[in-house]
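Proteins get letters first, then strands, A, B, ... in listed order; numbering begins at 1 in each. No experiment lies behind these values; they were computed from the predicted model shown.
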Number of protein chains: 2
Amino acid sequence: MTAPLPKPETLSKERLRLWLRMLRVTRQVEAALREKLRLEFDSTLPRFDVMAALLREREGLKMNELSRRLRVSNGNVTGIVDRLADDGLVERIAIEGDRRATRVRLTPAGCDAFTVMAQAHESWVNELLDGVDAEDAHHIGELLHRLPADTGAR
Amino acid sequence: MTAPLPKPETLSKERLRLWLRMLRVTRQVEAALREKLRLEFDSTLPRFDVMAALLREREGLKMNELSRRLRVSNGNVTGIVDRLADDGLVERIAIEGDRRATRVRLTPAGCDAFTVMAQAHESWVNELLDGVDAEDAHHIGELLHRLPADTGAR
DNA sequence: GCTTGAAATTTTAAGCTTGAAGCAATTCTT
DNA sequence: AAGAATTGCTTCAAGCTTAAAATTTCAAGC
């Protein structure tokens, strides 16, 4: 007896089911992280993302680069940086030789604040993904890495 | 020689890496779907989600139930349903015996419109998850299912 | 019947998000 | 060097999202 025929329809449904499950898990984790950030640091995920991107680049990033790294619209970054700057966590610095662009970087206060948040963030994720051992994590990561969606330009 | 010691730190980092990758893939797929919905149907993901929830329940759902199923705030659902109702795709129906609640259901036009969109949506997901065979899909699904985040109440 | 409390929904304020339009500065072309 | 296209950023309109406050209605308890 041969193996059962793979119905052409099944694969599509299976992928749809996987997508819905990924979406649900991701949203759940995001919601948990958002609430934690709000309650413990009176902050938000977008703010965290911006600060995370800036931490690595001590000389700062252009708005341009920031929006490309985070994969969000440039108009979006403007607002988030505005609010972070109001709070004294980041600062806009003029770029010599190009008066159109500005460089954004963490202030010392922003750097300190983010360091604390990042540590908490990692431990929250660690708790939320409880039950995933290193092997699973690595395995899922590999599978996800195969998706076209994970291969886009940085 | 014994197996390498599992550093306590490694697992946490590995989970963090997995989370960041899941987040990136999910956002990428969401962005693609959002754009498709906008260009081809002049619609949005939240509208799609609401209509999807309503399709199964031909008698409709209370705002209450809708917001619980979609896991979004009730105030949020109000706005989305408002706009769908403006477009004649859903309708609010009074519930006899309780003047506080309303039942929302797809209009025939909404039902037709969603059927077309749902078909396109499935094929988009199928393309976006190209490279994931049925076995992979099933496997990742199982792993995700183990997460505490996927075990919450429906 | 009246009051108190709970339930269903809407409203509100603040922030996030996008795509498109608008501005200013730079670079390219001729 | 003048005009044209490009680049970098902000502004804008519309919609999504949440948490919290406000409204209206229902359900008990007294």
Side-chain angles (χ1 to χ4, degrees), chain A residues 23 26-28 30-51 60-87 89-104, chain B residues 23 26-28 30-51 60-87 89-104:
Chain A
L23 194 55
T26 304
R27 284 185 179 170
Q28 197 91 5
E30 265 192 301
L33 293 176
R34 188 186 327 119
E35 187 182 12
K36 288 280 197 181
L37 275 177
R38 182 176 64 87
L39 294 179
E40 309 233 342
F41 298 112
D42 192 30
S43 191
T44 67
L45 278 173
R47 289 166 66 107
F48 184 86
D49 290 343
V50 165
M51 294 177 82
L61 289 168
K62 291 196 299 182
M63 294 296 283
N64 211 348
E65 301 168 327
L66 206 40
S67 116
R68 215 169 334 108
R69 288 209 191 190
L70 302 177
R71 298 164 198 278
V72 299
S73 67
N74 33 14
N76 188 358
V77 177
T78 297
I80 299 169
V81 167
D82 282 351
R83 286 179 284 272
L84 285 173
D86 286 347
D87 293 348
L89 300 175
V90 307
E91 55 190 350
R92 284 182 165 97
I93 298 170
I95 289 186
E96 51 195 302
D98 192 341
R99 275 178 298 179
R100 292 170 302 182
T102 47
R103 193 171 292 284
V104 184
Chain B
L23 194 55
T26 303
R27 284 184 177 172
Q28 195 92 5
E30 265 192 303
L33 293 176
R34 189 188 324 122
E35 187 181 12
K36 289 278 198 184
L37 275 176
R38 183 177 64 88
L39 293 180
E40 311 233 341
F41 298 111
D42 193 31
S43 192
T44 67
L45 277 172
R47 289 166 67 106
F48 185 87
D49 290 344
V50 167
M51 294 177 83
L61 290 168
K62 291 196 300 181
M63 294 297 284
N64 211 349
E65 301 168 327
L66 207 38
S67 116
R68 214 170 334 106
R69 288 209 191 190
L70 301 178
R71 299 165 199 277
V72 298
S73 66
N74 34 13
N76 188 0
V77 177
T78 297
I80 298 170
V81 167
D82 280 351
R83 286 179 285 272
L84 285 173
D86 286 346
D87 293 347
L89 300 175
V90 306
E91 55 189 352
R92 284 183 164 95
I93 298 169
I95 291 185
E96 53 195 301
D98 192 341
R99 274 179 298 180
R100 293 171 300 180
T102 48
R103 193 171 292 283
V104 184

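- By the side-chain contact (heavy atoms from CB on, under 4.5 Å) test, A:R38 is found to be paired with A:E35, residues two or more places apart in sequence or in another chain being considered.
- Checking D:dA19 for Watson-Crick or G-U wobble geometry (two distances, each under 3.5 Å) identifies C:dT12 as its partner.
- At least one donor-acceptor pair closer than 3.5 Å links the side chain of B:S67 to the backbone N or O of B:V72.
- Listed by first then second residue, pairs satisfying side chain to side chain donor-acceptor pair (under 3.5 Å) with a partner in residues 90-101 of chain B read B:D82-B:R92, B:E91-B:R105, B:D98-B:R100, not counting sequence neighbours.
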Produce a footprint string for nucleotides 5-10 of chain C: one letter per nucleotide, 5' end first; B if the base is under 4.0 Å from any protein heavy atom, S if only the sugar-phosphate is, - if neither.
--BSBB
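- By the 4.5 Å heavy-atom criterion applied to side chains, B:L23 and A:E30 are counted as neighbours.
- Projected onto DNA chain C by closest heavy-atom contact, A:R83 and B:G79 fall at different nucleotides, the more 5' of which corresponds to B:G79.
- For B:R34, there are no side-chain hydrogen bond (donor to acceptor under 3.5 Å, both in side chains) partners two or more places apart in sequence or in a different chain.
- When the side-chain nitrogen and oxygen atoms of A:N76 are compared with OP1 and OP2 of C:dC16, none of them lie within a distance under 4.0 Å.
- Counting any heavy atom pair closer than 4.0 Å across all strands shown, B:L45 reaches no nucleic acid atom.
- Looking at every heavy atom in both residues, A:K62 comes nearest to A:A101 through CD-CB, 3.9 Å.
- Chain B approaches DNA chain D over the interval D:dG15 to D:dC26, counting the first and last nucleotide 5' to 3' with an atom under 4.0 Å from its heavy atoms.
- Residue pairs meeting the side chain to side chain donor-acceptor pair (under 3.5 Å) criterion with at least one member in residues 39-49 of chain A, sequence neighbours excluded, are A:S43-A:R47, A:R47-A:D87.
- Taking atom CG of residue A:L37 and atom P of nucleotide C:dA14, one finds them 21 Å apart after rounding to whole Å.
- What you find for B:V90 and B:V81 is that their closest heavy atoms are CG2-O, 3.9 Å.
- The distance between atom CG of B:D42 and atom P of C:dA20, rounded to the nearest whole Å, is 12 Å.
- Atom CD in B:E30 sits roughly 11 Å away from atom P in C:dT17 (whole-Å rounding).
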